[in-house]
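Every chain is numbered from 1, with letters handed out A, B, ... down the list of sequences.
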2 protein chains.
Amino acid sequence: MLSRRAKYGLKALLALARTGGDEPTRISDLARDEHIPKKFLELILLELKGHGLVASRKGVGGGYILGKPADLITMGEVVRILDGPLAPIACVSQTAYERCPDCPDEQACGVRFVMKQVRDGIADILDNTAITDVIAAGTTKKRRAAGRRS
Amino acid sequence: MLSRRAKYGLKALLALARTGGDEPTRISDLARDEHIPKKFLELILLELKGHGLVASRKGVGGGYILGKPADLITMGEVVRILDGPLAPIACVSQTAYERCPDCPDEQACGVRFVMKQVRDGIADILDNTAITDVIAAGTTKKRRAAGRRS
DNA sequence: CGAGTAGCCTACCAGTTCACTAGGCTATTC
DNA sequence: GAATAGCCTAGTGAACTGGTAGGCTACTCG
């Protein structure tokens with residue numbers, strides 16, 4: 001499950017990427033346009049800033065801009081920051097591996113076997129989709145974006 | 001995230017499928033062998049029974065057996081029963097669709113666009129993997145089970 | 001310089017979910 | 001009819017979710 005935190009964070013980043021320039025966007029504008037509770041968004045952006053995905057300027061004329069090129073920000077990165085590991089179960093996570101206490105032989109575990117495939121499938125999509133890809137798909141959305149991935 | 005409920009449920013079903021026959025297995029045996037809290041497993045099996053995935057017999061010599069052929073029980077079905085929809089976000093769910101209140105145009109939503117792919121990826125794996133497939137993969141696990149899916 | 005703006009930071013909170021546990025009831029078998 | 005094994009309802013503590021509140025700090029512009 002994608003939390004609202006992650007959903008809001010993704011929406012905000014997409015919005016920032018769409019406006020493009022180095023003119024910062026205020027939290028309140030972002031919140032209004034994307035229908036996100038302002039104070040909550042504040043927290044989310046702060047966390048994204050901590051990971052360098054966005055940068056901010058204070059005072060009049062301040063706000064947020066992207067912290068690095070939009071094509072270097074992947075959906076996977078954002079989701080991992082805001083929601084933690086992509087893996088449905090810790091014993092198949094690349095970034096937060098932890099073994100199940102109740103598993104005598106990990107290699108023989110059927111649940112793990114299947115969930116590993118699921119994790120790989122999710123990661124394959126999210127780590128290979130940058131926010132630029134999403135925006136591009138959006139602008140050409142009427143004619144079924146084919147061959148989306150590199 | 002896969003809850004423990006779902007994990008335990010899957011493990012129990014796999015165990016029941018492995019023993020195969022029509023000799024029922026007791027909850028307490030299942031719990032001991034699979035390292036699952038007994039009372040918790042009881043609840044889980046009860047729910048699976050409600051959906052016909054397992055059947056039970058009471059009294060001496062009683063216990064649980066599969067409620068239908070193992071090759072007709074998919075991982076997706078089990079996860080949906082115990083954990084709800086596979087979709088990471090409700091607006092892309094097939095079984096529990098719900099529109100986001102904060103989305104003016106669903107077709108244009110970038111988050112939805114990507115999460116739809118994720119949902120489809122997850123469903124493709126889980127709905128096409130029956131518990132027999134998992135067991136088969138386990139017995140041949142040393143030589144890299146290739147071409148797993150139909 | 002100083003007023004206003006806009007982000008920063010800490011704290012708090014209600015509601016829900018998760019992972020169990022308790023304990024009695026009921027059906028079945030021998 | 002006693003033992004067994006599943007059925008069923010309830011409860012519970014801890015963690016997480018999705019916010020809100022409110023003051024502080026940095027920055028800009030006149």
Original post:
What integer distance in Å separates B/Arg4:CZ from C/dC18:P?
Top reply: 12 Å
**OP:** Looking at every strand, decide which applies to B/Lys49 at a 4.0 Å heavy-atom threshold: base, sugar-phosphate, or nothing.
**Re:** sugar-phosphate
Original post:
Is the closest side-chain heavy-atom distance between A/Tyr97 and A/Pro85 below 4.5 Å?
Top reply: no
**OP:** Examine B/Ile135 and B/Ile73 and state if one hydrophobic cluster contains both, with Ile, Leu, Val, Met, Phe, Trp and Tyr joined whenever side-chain heavy atoms are less than 4.5 Å apart.
**Re:** yes
**OP:** With heavy atoms under 4.0 Å as the rule, sort B/Leu45 into base, sugar-phosphate or nothing.
**Re:** nothing
Subject >> DNA chain C-proximal residues of residues 54-64 of chain A, any heavy atom under 4.0 Å >> reply: A/Ser56, A/Arg57, A/Lys58, A/Gly59, A/Val60, A/Gly63, A/Tyr64
Original post:
How do A/Lys39 and B/Lys38 order along DNA chain C: which one's closest nucleotide is nearer the 5' end?
Top reply: A/Lys39
Original post:
Looking only at side-chain N and O atoms, does A/Arg5 come under 4.0 Å of OP1 or OP2 in D/dG18?
Top reply: no
**OP:** Choose from D/dG19, D/dC7, D/dG6 the nucleotide whose nearest atom is closest to any side-chain atom of B/Leu46.
**Re:** D/dC7
Original post:
Is a salt bridge present between A/Lys7 and A/Glu34, judged by a nitrogen-to-oxygen distance below 4.0 Å?
Top reply: no
Original post:
So, are A/Arg57 and A/Glu23 salt-bridged, with charged N and O less than 4.0 Å apart?
Top reply: no
Original post:
Are any of B/Tyr8's side-chain N or O atoms less than 4.0 Å away from OP1 or OP2 of C/dA19?
Top reply: no
**OP:** May I ask you to verify whether the side chain of B/Glu42 and the base of C/dC20 hold a donor-acceptor pair under 3.5 Å?
**Re:** no
